[in-house]
Amino acid sequence: MKIVVLVKEVPDTYGERRLDLETGLADRAASEAVLDEIGERALEVALAHADAHEGTEVVVMSMAPESAAATIRKGLAMGAASAVHIADPGLAAADLGLTARALAAAIRRTGFDLVITGNLSTDGSGGVLPAMLAELLEVPNATALTSVEITDGSVSGTRDVDGGTMRVSAQLPAVISITEALPDARFPNFKGIMAAKKKPFETLAAADLGIEPADLSAAWSIMTAIAERPPRTAGTKITDEGDGGTRIAEFLIENRLV
Amino acid sequence: MSDHPADQILVVLETTPNGDLAASAAGLLAAASGIGTPVALVVTAPGGAQALAEQAAALGAERVLAVETPAAQSELTVPHVDALAAAAAAVAPNAVLISESVDGRDIAGRFAARSGAPIAVDAVGLSRDDEGVVAHHSVYGGAYTLASAATFGPLLVTVRQGAIDARAEARPVVLESLEVAASGASSAAIESVEPVTESSSRPELRGAKRVVSGGRGLGSAEQFALVEELADALGAAVGASRAAVDAGYVPANHQVGQTGVSVSPQLYIALGISGAIQHKAGMQTAKNIVAVNKDPDAPIFEVADFGVVGDVFTVVPQLISALAERKR
């Protein structure tokens, strides 16, 4: 079985993240770049299956600038067999539609039985890409899974939807996304880091995928305005001198919050 | 006649496992009525359309297009996308609004990929300019505001739950049943759905007007009850920091923050929460923030409108009794 895991380099949420107010793009120099944790968990699902099932091949894939190669390599160090990196300056401002088309083309080219993604990236928070890929790849989507069972021919799991818990199953090939309810990822060990240097790492440009980034016949979503919100400022801070609770009650009443 | 004869906004409404309209419907219809004429789409099991149409009209839908199909309960996403494709063909909308929910994202994603419509995700507001519909976003935990639009054609927008405070006026019920040709796209099967049995009358965290959250400072699962007590006194939802969730004080669906639920309530009370940057990212767009923490240097005080440096176990009971006093 071949499992393609989508991973993403994101600005570390432990630091301040910035957008470039000219271009609207992420200011990659402003914060440390890390592999998004939810993508690491998705990779863990694939690697855990590979550990228990011989003949499972795990491929990490990402669409990101050239500079993200080192971050993607972490996926190899964790245990993926190979990596595919779609890196093309023409894709720098890609909207979700173009991103999905490029990734779907790369996934098709690599071949897959199962695609695993995180449910939401910490930067874009869109969460629509897994279903977009399923539609483009003409396979079922089973998203936001809080548990996953993979067999030779199917994938099933539990998903928390608004107001309920759902059991779903899909025939392979399929696209699934997982939530934070799934286990933390393993750490790369020294052996893994050394082995990663020798593993196949393929870099693809848009043209390799038959994608025309500047295709204006497709409708795009474009950013039309951007502004930095003034930072929130601290208000009143008091030290409790036996009347802290009463003072909060007064604040709530004054501001008509109760 | 309105100024925009072709200003129809197609709104995809979701249903709960019990067959009622999801809570997101009110905000979606209000957002749509702010930029055009809301036409609702409901996809439901046979027999469900009339009741949903009445609920949707009460929330401002000018017309309700209904698709009744058993597949709504047995197949994931695809029946809704097939229905949406048929509705979009029939209505030729200026925009399509869908809830930013687990299922809403999937419907939006598949439909965008199928139709080629550009997609704007996680909008917190909508407006209209000379060139069409504009979606407004709050990103990086509220640090930036953005606007986005389609280069041409309808914009597909997922709207953050609880972000739209406005409500539309009720309209008469106009129900039209919609013919749908199944696409045959392969879908996952829904094997079962267990409705969440709410053991309390507390509001849902997502979209709540008031939220009381607890952190590691509560010390134990038993002591976390103090958070629930204050929440009940205020009619608030219960939230938590990741630390409190990781420590097992409270289930993960209460987590507020970067990787949990983002909330923008009128009032957010943080108890024993230090205010790690990821937590702030999920709550700093709250209109009013109150914090209680022993540590005077806790970062939560940097964003609090009213902060008390003190012990939650003395401050909060006093607050609860002051609130009870006021009600009397």
Side-chain angles (χ1 to χ4, degrees), chain A residues 13-14 17 19 95-97 100 122 125-132 134-136 138-144 159 161-170 180-181 218-229 232 234-240 244-249 251 255 257-258, chain B residues 16-17 22 76-77 101-103 105-106 108-110 112-114 116 118-122 140 142-153 186-196 252 258-259 267 277-278 284 288 290 301-310 315 318-319 322-323:
Chain A
T13 58
Y14 277 95
R17 300 173 297 171
L19 291 178
D95 71 349
L96 282 158
T122 52
S125 302
V128 296
L129 204 69
M132 294 181 92
E135 180 74 18
L136 294 173
E138 299 175 352
V139 300
N141 58 282
T143 56
R159 64 201 292 264
V161 293
D162 289 355
T165 304
M166 191 183 266
R167 286 281 315 169
V168 294
S169 66
E180 270 210 329
W220 276 62
S221 165
I222 49 165
M223 187 158 56
T224 57
I226 177 168
E228 196 168 3
R229 194 191 288 261
R232 225 190 148 94
T236 310
K237 182 164 99 176
I238 62 160
T239 300
D240 182 30
T246 314
R247 298 277 302 271
I248 294 174
F251 172 83
N255 290 283
L257 294 167
V258 285
Chain B
T16 65
L76 201 58
T77 317
S101 64
V102 170
D103 285 325
R105 289 179 195 123
D106 287 353
R110 266 198 184 262
R114 188 181 295 184
I119 182 165
V121 292
D122 196 24
Y140 280 0
Y144 295 87
T145 55
L146 308 181
S148 67
T151 50
F152 59 85
S186 30
S187 62
I190 300 172
E191 293 177 344
S192 64
V193 183
E194 292 280 326
V196 170
Q258 179 73 57
T259 54
L267 173 63
I277 197 159
Q278 291 96 333
Q284 67 180 352
N288 296 277
V290 172
F301 289 124
E302 294 163 14
V303 296
D305 299 288
F306 195 84
V308 175
V309 180
V315 173
Q318 188 181 58
L319 168 58
L323 293 171

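Naming convention: chains lettered A, B, ... in sequence-line order (proteins, then strands); numbering from 1 in each chain.
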Pick one of side chain, backbone, both or neither for [X], based on which atoms fall under 4.5 Å of a heavy atom in chain A.
X        : answer
B/Val102 : both
B/Thr77  : side chain
B/Ala304 : backbone
B/Ala252 : neither
B/Glu302 : backbone
B/Val290 : side chain

Item to check | Toward chain B, the part of A/Arg159 with a non-hydrogen atom under 4.5 Å | outcome: side chain
Next on the checklist: Less than 4.5 Å to any heavy atom of chain B: does that hold for the side chain of A/Glu180, its backbone, both, or neither?
Outcome noted: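 Contact with chain B involves the side chain of A/Glu180 alone.
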Item to check | Interatomic spacing from CG in A/Leu257 to CG in B/Asn288 - rounded to 0.5 Å | outcome: 4.5 Å
Checklist outcome for this item: Here the gap from A/Arg17 atom CZ to B/Tyr144 atom OH, rounded to the nearest 0.5 Å, amounts to 10.0 Å
Item to check | B/Ile190 to A/Met166 - nearest heavy-atom pair and separation | outcome: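 Taking B/Ile190 first and A/Met166 second, the nearest heavy atoms are CG2-CG, 3.9 Å.
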Checklist entry - Looking at A/Ala131 and B/Asp106, what are the two nearest heavy atoms and their distance? => result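 Residues A/Ala131 and B/Asp106, closest heavy atoms: CB-O, 3.3 Å.
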Next on the checklist: Checking B/Asp305 against A/Arg232 for the side chain to side chain contact (heavy atoms under 4.5 Å, CB included) test, could you report, in this order, the C-alpha distance in whole Å, the side-chain angles of both residues, the deciding distance, and whether it holds?
Outcome noted: CA-CA 9 Å; B/Asp305 299 288; A/Arg232 225 190 148 94; 2.9 Å; yes
Checklist entry - Would a 4.5 Å heavy-atom cut-off, applied to side chains only, mark A/Thr143 and B/Arg105 as touching? => result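 A side-chain contact under 4.5 Å is absent here.
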Next on the checklist: Counting heavy-atom pairs under 4.5 Å with chain A, which one of B/Ser148, B/Ala112, B/Gly310 comes out on top?
Outcome noted: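 The answer is B/Ser148.
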Checklist entry - Do B/Glu194 side-chain atoms and A/Thr165 backbone N/O form a donor-acceptor pair below 3.5 Å? => result no
